[in-house]
*Asks:* 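My questions will all concern the structure given below.
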Amino acid sequence: MSDVVSLTSLARAGGCAAKYSAARLETLVAGLVPVHADDLLVGLDPADDAAVYRLDDERAIVFTVDFFPPVVDDPWDYGAIAATNALNDVFAMGGTPLLALSVTTFPEELPVDVLGQVLAGADEVVREAGAILAGGHTIRDAEPKYGLAVVGMVHPDGVWRKSTARPGDLLFLTKPLGTGLILQAQRDGGAPAGALAEAVRSMKTLNDTAAAVLRPFAPNAVTDVTGFGLLGHVHELASRSGVRAVLHGAALPALPAALDLAEAGVRTGGDRRNREFAGAHVESSVGEATEALAYDPQTSGGMLISLPADKAVVLEAAFADRDLFLRRIGNVEPGAGVALAST
């Protein structure tokens with residue numbers, strides 16, 4: 001075997017684009033009877049980015065698990081991206097991570113140092129998040145997969161949900177879109193120069209600092225944008241909150257080359273599944289490239305924030321003061337569904 005291992009060649013789909021169809025997942029979860037317990041603050045009714053269980057009046061546990069096949073060939077970057085993606089679920093709930101366990105499937109034929117680099121990349125990010133990588137579980141499989149089960153803490157009154165957006169809120173995004181488009185272009189023969197490196201940098205960026213800046217503003221609703229794409233996650237936020245979300249197509253932020261790739265016809269399998277999930281609830285008046293960007297499955301994406309409009313200017317100033325990315329992308333109205341408008 002060559003010393004250079006192409007991890008992405010072993011994956012049928014990469015990153016959060018490998019997620020089970022959201023439409024199928026809704027059907028599957030609908031068959032489960034939600035557990036009713038006074039201390040289960042967030043479970044399946046409705047589902048969110050993580051489960052939350054109250055320990056006492058001051059502490060609640062945030063628990064999540066997330067893993068996926070390789071998105072890049074570099075094993076260190078792969079481990080770092082997968083770890084960032086899992087840890088960001090805790091930040092999206094308003095919590096801080098404490099402890100993580102690796103969830104790994106790996107071919108025995110690959111050199112053991114490749115898996116060692118995956119774990120090292122993950123460990124570095126877990127430490128950066130202020131948590132501890134304390135072990136895990138590894139099984140043999142032809143397709144590599146890696147991720148984390150993460151335990152975090154949050155105050156019971158400080159839990160952020162995706163089901164509590166309110167009319168009059170403004171919608172913000174803390175990372176640009178387009179990771180799926182860029183990764184697919186790379187798999188198809190090569191992304192434009194610099195585009196892959198910028199996508200990797202974005203995917204390895206924890207949402208911890210953005211969450212810390214956001215916390216004092218008491219947002220009405222928060223979720224992170226991952227495999228279901230912006231429109232899939234906005235649809236979840238709108239439907240579970242009983243509101244209508246209006247997105248401004250011209251305001252959607254894109255990673256370098258992402259819109260050009262969408263214009264050239266690049267699509268992932270996740271694009272089709274996301275349209276099947278959210279398309280019936282979306283009214284779109286934008287061009288095909290912008291629509292593709294909005295359906296594009298993201299890996300380790302930013303936070304989608306629903307915030308009262310009177311807090312918006314100060315929030316924008318706070319993010320700018322820390323040199324953090326933030327883009328106002330829409331607003332929340334009474335009604336139902338999602339509108340993707342051209343302006």
Side-chain angles (χ1 to χ4, degrees), residues 1-19 66-88 100 102-128 133 136 138-148 175-206 226-227 229 254-258 260-262 264-271 296-301:
M1 172 175 288
S2 169
D3 291 335
V4 178
V5 179
S6 174
L7 290 177
T8 54
S9 70
L10 303 176
R12 288 172 292 177
C16 289
K19 271 190 172 183
D66 209 316
F67 62 99
F68 48 64
V71 290
V72 291
D73 287 324
D74 183 279
W76 185 289
D77 282 345
Y78 170 40
I81 291 167
T84 300
N85 184 73
L87 291 160
N88 280 345
S102 291
V103 179
T104 312
T105 74
F106 217 72
E108 278 190 317
E109 297 79 12
L110 291 182
V112 68
D113 67 302
V114 174
L115 179 54
Q117 291 178 59
V118 173
L119 295 173
D123 182 59
E124 182 177 88
V125 171
V126 172
R127 290 172 183 268
E128 181 185 345
L133 184 58
T138 304
I139 65 171
R140 292 174 286 115
D141 191 19
E143 184 179 55
K145 302 177 188 72
Y146 184 76
L148 299 176
K175 284 186 184 181
L177 303 166
T179 61
L181 291 160
I182 292 168
L183 294 172
Q184 184 63 47
Q186 184 67 16
R187 289 170 67 95
D188 290 344
L196 180 63
E198 185 60 24
V200 169
R201 186 201 64 78
S202 178
M203 290 186 289
K204 291 196 299 183
T205 300
L206 288 163
T226 55
L255 287 163
D260 290 339
L261 292 170
V266 174
R267 300 289 187 275
T268 69
D271 177 284
D296 186 47
Q298 302 303 290
T299 297
S300 189

*Asks:* Minimum heavy-atom separation for A120 to W76, with atom names?
*Replies:* CB-CZ3, 3.4 Å
*Asks:* Carefully, step by step, assess L87 and L206 under the rule side-chain contact (heavy atoms from CB on, under 4.5 Å).
*Replies:* CA-CA 8 Å; L87 291 160; L206 288 163; 3.9 Å; yes
*Asks:* What's the verdict on side-chain contact (heavy atoms from CB on, under 4.5 Å) for L7 and V72, showing C-alpha distance, side-chain angles and the deciding distance?
*Replies:* CA-CA 7 Å; L7 290 177; V72 291; over 6 Å; no
*Asks:* If you take all heavy atoms of A142 and P107, which pair is closest and at what distance?
*Replies:*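 Shortest heavy-atom separation between A142 and P107 comes out as O-CG, 3.4 Å.
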*Asks:* With distance as the sole test, does K204 use its side chain to make a donor-acceptor pair with the main-chain N or O of A199 at under 3.5 Å?
*Replies:* no
*Asks:* With sequence neighbours excluded, tell me which residues meet side chain to side chain donor-acceptor pair (under 3.5 Å) with T84.
*Replies:* none
*Asks:* So, taking the atom named CG in L183 and the one named OG1 in T268, what distance separates them when rounded to the nearest 0.5 Å?
*Replies:* 9.5 Å
*Asks:* Walk me through it: do L110 and L115 pass the test side-chain contact (heavy atoms from CB on, under 4.5 Å)?
*Replies:* CA-CA 8 Å; L110 291 182; L115 179 54; over 6 Å; no
*Asks:* What is the distance from atom OH of Y146 to atom OG1 of T138, rounded to the nearest 0.5 Å?
*Replies:* 8.5 Å
*Asks:* Quick one: list whatever passes side chain to side chain donor-acceptor pair (under 3.5 Å) with D141, sequence neighbours left out.
*Replies:* K145
*Asks:* Kindly compute the distance separating CG (D188) from CZ (R267), expressed to the nearest 0.5 Å.
*Replies:*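 Taking CG in D188 and CZ in R267, the distance rounds to 12.0 Å.
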*Asks:* For A257 versus P192, what's the shortest heavy-atom pair and its separation?
*Replies:* CB-CG, 3.7 Å
*Asks:* Restricting to pairs with a member in residues 113-127, which pass salt bridge (Lys or Arg N to Asp or Glu O under 4.0 Å), not counting sequence neighbours?
*Replies:* D123-R127
*Asks:* To the nearest 0.5 Å, what is the distance between CG on D271 and CG on L181?
*Replies:* 7.5 Å
*Asks:* Do you know which of V126, V125, D66, T104 makes side-chain contact (heavy atoms from CB on, under 4.5 Å) with L148?
*Replies:*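 Of all the options given, the one that passes is V126.
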*Asks:* So which atom in D73 and which in S6 form the shortest heavy-atom distance, rounded to 0.1 Å?
*Replies:*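 Between these two residues, the closest heavy atoms are OD1-OG, 3.2 Å.
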*Asks:* With rounding to the nearest 0.5 angstrom, report the OG to CG distance, S102 to L133.
*Replies:* 4.5 Å
*Asks:* So Q298 and D296, side-chain hydrogen bond (donor to acceptor under 3.5 Å, both in side chains) or not? Walk me through it.
*Replies:* CA-CA 6 Å; Q298 302 303 290; D296 186 47; 2.8 Å; yes
*Asks:* Classify the angle between the aromatic ring planes of Y78 and F68 as parallel (below 30°), tilted (30 to 60°) or perpendicular (above 60°).
*Replies:* tilted
*Asks:* Please examine the side chains of P75 and D77, heavy atoms only from C-beta on, and report whether any two atoms are closer than 4.5 Å.
*Replies:*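 Contact flag for D77/P75 side chains = no.
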*Asks:* Not counting sequence neighbours, which residues clear side chain to side chain donor-acceptor pair (under 3.5 Å) with D74? List them please.
*Replies:*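 So D74 forms no side chain to side chain donor-acceptor pair (under 3.5 Å) with any residue.
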*Asks:* Please identify each residue that fulfils side chain to side chain donor-acceptor pair (under 3.5 Å) with T105, with sequence neighbours left out.
*Replies:*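 Checked T105 against side chain to side chain donor-acceptor pair (under 3.5 Å); zero matches.
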*Asks:* Which heavy-atom pair separates L10 from P144 by the least distance, and what is that distance?
*Replies:* CB-CD, 3.6 Å
*Asks:* Looking at S300 and M203, would you say the former's side chain and the latter's main chain have a donor-acceptor pair under 3.5 Å?
*Replies:* yes
*Asks:* Quick one: which residue pairs count as a salt bridge (Lys or Arg N to Asp or Glu O under 4.0 Å) with a foot in residues 191-202, not counting sequence neighbours?
*Replies:*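 Salt bridge (Lys or Arg N to Asp or Glu O under 4.0 Å) check on residues 191-202 returns E198-R201.
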*Asks:* Just how far is it from atom OG1 of T299 to atom CD1 of I182, taken to the nearest 0.5 Å?
*Replies:*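 T299 OG1 to I182 CD1: 11.0 Å, rounded to 0.5 Å.
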